[in-house]
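What follows is a single structure, written as structure tokens, with notes after it.
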Amino acid sequence: MTSPSTTLSLVDTDPAELAVDAIVIGVHSQTGEPDATSGRAATLLLASGAESIAAAFDGKLTETLALLGATGGPGEVIKLATLGTVTAPVVAAVGLGPEPTGAAPAPEVLRRAAGAAVRALAGASRVALALPLPDDTDAPAALRAVAEGALLGGYRFAGYKTRPQPARREPVAEVLVAVPDAGDAVATAEVARARAVTDAVRRTRDWVNTAPNELRPPAFADSVAAAAREAGLEVEVLDETALREGGYGGIVAVGQGSEAPPRLVRISYTPAGGGAGKRVALVGKGITFDTGGISIKPAQGMWEMKSDMAGAAAVAAAMLAVAALKPSVPVTAYLPMAENMPSGTSYRPGDVITMFDGKRVEVLNTDAEGRMILADAIARACADGCDYLFETSTLTGGQVVALGKKVAGVMGTPELCDRVKVAGDAVGEPAWPMPLPDDVRKGMDSDVADISQVNAGMDRAGHMLQGGVFLREFVTADVSWAHIDIAGPSYHSGEPTGYWTKGGTGVPVRTLLHLIEDVAANG
Ligand code: BES
Ligand code: MN
Ligand code: ZN
């Protein structure tokens with residue numbers, strides 16, 4: 001099921017002499033004064049890395065690109081036939097926006113540019129990137145970003161078409177990145193890291209993009225378990241009987257409406273020597289399809305609810321990268337999986353459910369199913385013992401209303417929320433801390449049980465916060481936790497942009513990996 005992957009290697013050959021189908025250079029936008037003789041403003045500036053290409057064009061490259069409409073704006077890719085001036089038959093100029101003063105472009109600018117260029121060059125089999133890479137301490141981060149962007153922009157879901165698509169341009173098969181020293185050990189390590197990280201992102205996208213009839217909980221659990229075992233991780237799968245016997249009331253309740261029974265997958269990574277420091281737990285929402293259940297959703301757009309397992313997919317894939325990157329902290333992942341369906345056996349509004357930790361929850365809306373399965377998984381993670389717990393889920397439409405389709409919402413222990421924000425900024429997966437107000441908790445007081453699953457008056461105000469407030473009840477006091485609501489950023493329904501393709505984005509795999517490495521380094 002995994003989509004074919006692009007290969008990536010480093011070269012230190014002069015880009016003008018590289019035998020590739022296309023060579024990618026960077027261009028900055030510029031707002032200059034009009035030229036005295038031509039009256040035209042210089043709008044373009046070639047980025048570093050493009051020097052030898054520019055020389056081969058006898059100083060006419062910028063002018064020609066401008067005539068072709070290049071502005072240097074982010075996301076723009078202008079292709080130019082080289083007709084023998086350089087070895088590659090095509091030069092592609094990718095926009096980098098204004099040149100940052102005194103510094104190389106930010107890693108996210110490079111990541112998006114590499115992604116956009118590799119996407120635009122689909123159909124070419126071999127492409128080289130000659131983008132501006134700093135030669136100082138920022139060099140590894142810049143190279144990492146370029147490699148990640150290229151490998152993610154080259155992603156395409158295999159899909160289900162029964163006939164070959166003659167008009168379809170296949171993703172670039174091989175990417176070369178021009179660097180000053182291709183044998184440099186730091187650079188080589190960055191490429192290996194980018195490979196592990198982007199493999200995880202691509203795997204997440206594949207799971208999210210898979211049709212929901214092909215990825216019901218037992219199939220999803222099997223697929224995750226097989227991949228994790230192959231990576232050398234320890235895997236335990238609880239089936240519906242084990243879940244019922246284990247008292248996982250929330251997972252059982254949501255799963256009971258479907259003919260495809262629920263699962264809880266637990267994946268553990270133990271570093272060599274056991275790891276003395278902090279223990280990390282990851283939890284991800286694995287609703288393989290969310291109809292809303294008895295509180296059924298409207299038909300319009302419901303198909304996107306195949307992505308309601310994006311949190312579980314991201315966590316599972318992050319574990320595969322952990323197995324490859326081998327950080328010095330123990331990490332255990334908990335993936336509750338269920339299909340939220342309306343049927344004669346569904347749970348219903350009014351039900352009172354006894355959860356894994358013994359708390360009783362009054363169900364008011366079966367469409368708030370994510371928190372039911374996550375509460376059990378969180379409680380189990382706390383019972384097993386952990387110091388930091390990162391949970392991620394497509395939990396609320398309220399996240400999209402509040403923060404949009406690009407920025408995740410973060411709730412939990414304030415210091416850990418700040419750390420998630422810093423990690424997100426570092427990797428280009430923005431996340432914003434949100435509060436857990438007392439009055440929101442008050443609104444969830446139940447007449448009959450310990451807590452209502454949503455606001456008792458079904459008031460949708462502070463909708464995203466209700467999710468965080470509910471989950472907090474299941475985290476034990478000794479655990480620092482962060483809930484990352486990815487309802488918006490986990491799935492991209494618009495046109496491809498930067499290194500994002502249509503469908504699953506793989507958010508927040510790179511944030512989770514950054515956080516794990518942060519905990520390994522700083523406790
Ligand atoms: N999976 C949805 C949330 C969602 C919405 C994810 C849009 C991605 C895009 C979740 O299970 C849900 O249905 N939430 C309800 C909560 C409500 C019933 C309290 C919602 O957002 O309306
Ligand atoms: Mn729902
Ligand atoms: Zn859901």
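First listed ligand is number 1; within each ligand, the first listed atom is number 1. We're numbering straight along the sequence, starting at 1.
Distance from atom 1 (N) of ligand 1 to its nearest protein heavy atom, with residue and atom name: Asp308 OD1, 2.8 Å. Closest protein heavy atom to atom 22 (O) of ligand 1: Arg460 NH2, 3.1 Å. Protein heavy atom at the shortest distance from atom 12 (C) of ligand 1 is Asp367 O, 3.3 Å. Given atom 2 (C) of ligand 1, the protein heavy atom at minimum distance is Asp290 OD2, 3.5 Å. For atom 14 (N) of ligand 1, the closest non-hydrogen atom on the protein side is Leu395 O, 3.4 Å.
In Asp290, the N, O or S atom that comes nearest to the Mn ion (ligand 2) is OD2. The minimum distance between the Zn ion (ligand 3) and any N, O or S atom of Asp290 involves atom OD2. Its N, O or S atom nearest to the Zn ion (ligand 3) is what matters here, and for Glu369 that atom is OE2. Looking only at N/O/S atoms, Asp308 comes nearest to the Zn ion (ligand 3) through OD2. Within Glu369, the N, O or S atom lying nearest to the Mn ion (ligand 2) carries the name OE1.
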Query - Step-by-step salt bridge (Lys or Arg N to Asp or Glu O under 4.0 Å) determination, Arg111 to Glu108 - result: CA-CA 5 Å; Arg111 196 179 283 111; Glu108 180 63 6; 2.5 Å; yes
Query raised in the report: Stepwise, does the salt bridge (Lys or Arg N to Asp or Glu O under 4.0 Å) test hold for Glu236 with Arg380?
Result: CA-CA 13 Å; Glu236 179 194 20; Arg380 168 67 198 273; 3.8 Å; yes
Query raised in the report: Stepwise, does the salt bridge (Lys or Arg N to Asp or Glu O under 4.0 Å) test hold for Asp308 with Lys285?
Result: CA-CA 7 Å; Asp308 212 16; Lys285 171 176 171 181; 3.1 Å; yes
Query - Derivation and outcome, salt bridge (Lys or Arg N to Asp or Glu O under 4.0 Å), residues Lys359 and Glu473 - result: CA-CA 9 Å; Lys359 284 196 189 69; Glu473 298 285 316; 5.4 Å; no
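Both tests hold for Arg203 against Trp207: distance to the six-membered ring centre under 6.0 Å, angle to the ring axis within 45°. Relative to the six-membered ring of Phe157, Arg202 misses at least one condition, a distance below 6.0 Å or an angle of at most 45° to the axis.
Within the 4.0 Å heavy-atom criterion, neither part of Val400 lies near ligand 1. Under 4.0 Å from ligand 1, the heavy atoms of Lys285 that appear belong solely to its side chain.
Inclusion of Leu395 in the first shell of the Zn ion (ligand 3) is not supported: no N, O or S atom falls under 2.8 Å.
The shortest side-chain heavy-atom distance between Thr291 and Met305 does not fall under the 4.5 Å cut-off.
For ligand 1, the atoms sitting less than 4.0 Å from at least one non-hydrogen atom of Asn365 are 18 (C), numbered in the order shown with element in parentheses. Near Glu369, meaning under 4.0 Å from one of its heavy atoms, ligand 1 places the atoms 11 (O). Heavy-atom contacts of Thr396 reach the following atoms of ligand 1: 3 (C), 21 (O) (cutoff under 4.0 Å). Interface atoms of ligand 1 facing Val454, defined by a heavy-atom separation under 4.0 Å, are 19 (C).
With respect to the salt-bridge test (charged N to carboxylate O, under 4.0 angstrom), the residues Asp518 and Arg419 qualify.
Polar contact check, Gly397 against ligand 1: a nitrogen or oxygen pair lies under 3.5 Å apart.
In the candidate list His463, Lys297, Arg371, His463 is nearest to atom 20 (C) of ligand 1, counting heavy atoms. Nearest-residue assignment for atom 7 (C) of ligand 1 (options Met309, Lys405, Met305; heavy-atom criterion): Met305.
With rounding to the nearest 0.5 Å, the separation of CD in Gln466 from CG in Leu436 is 12.0 Å.
In this structure, Asp478 places its CG atom where more than 12 heavy-atom neighbours from other residues, nucleotides or ligands lie under 6.0 Å away.
Inspection of the Thr511 and Glu429 side chains reveals an N or O donor paired with an N or O acceptor under 3.5 Å. A donor-acceptor contact closer than 3.5 angstrom links the side chains of Arg195 and Ser5.
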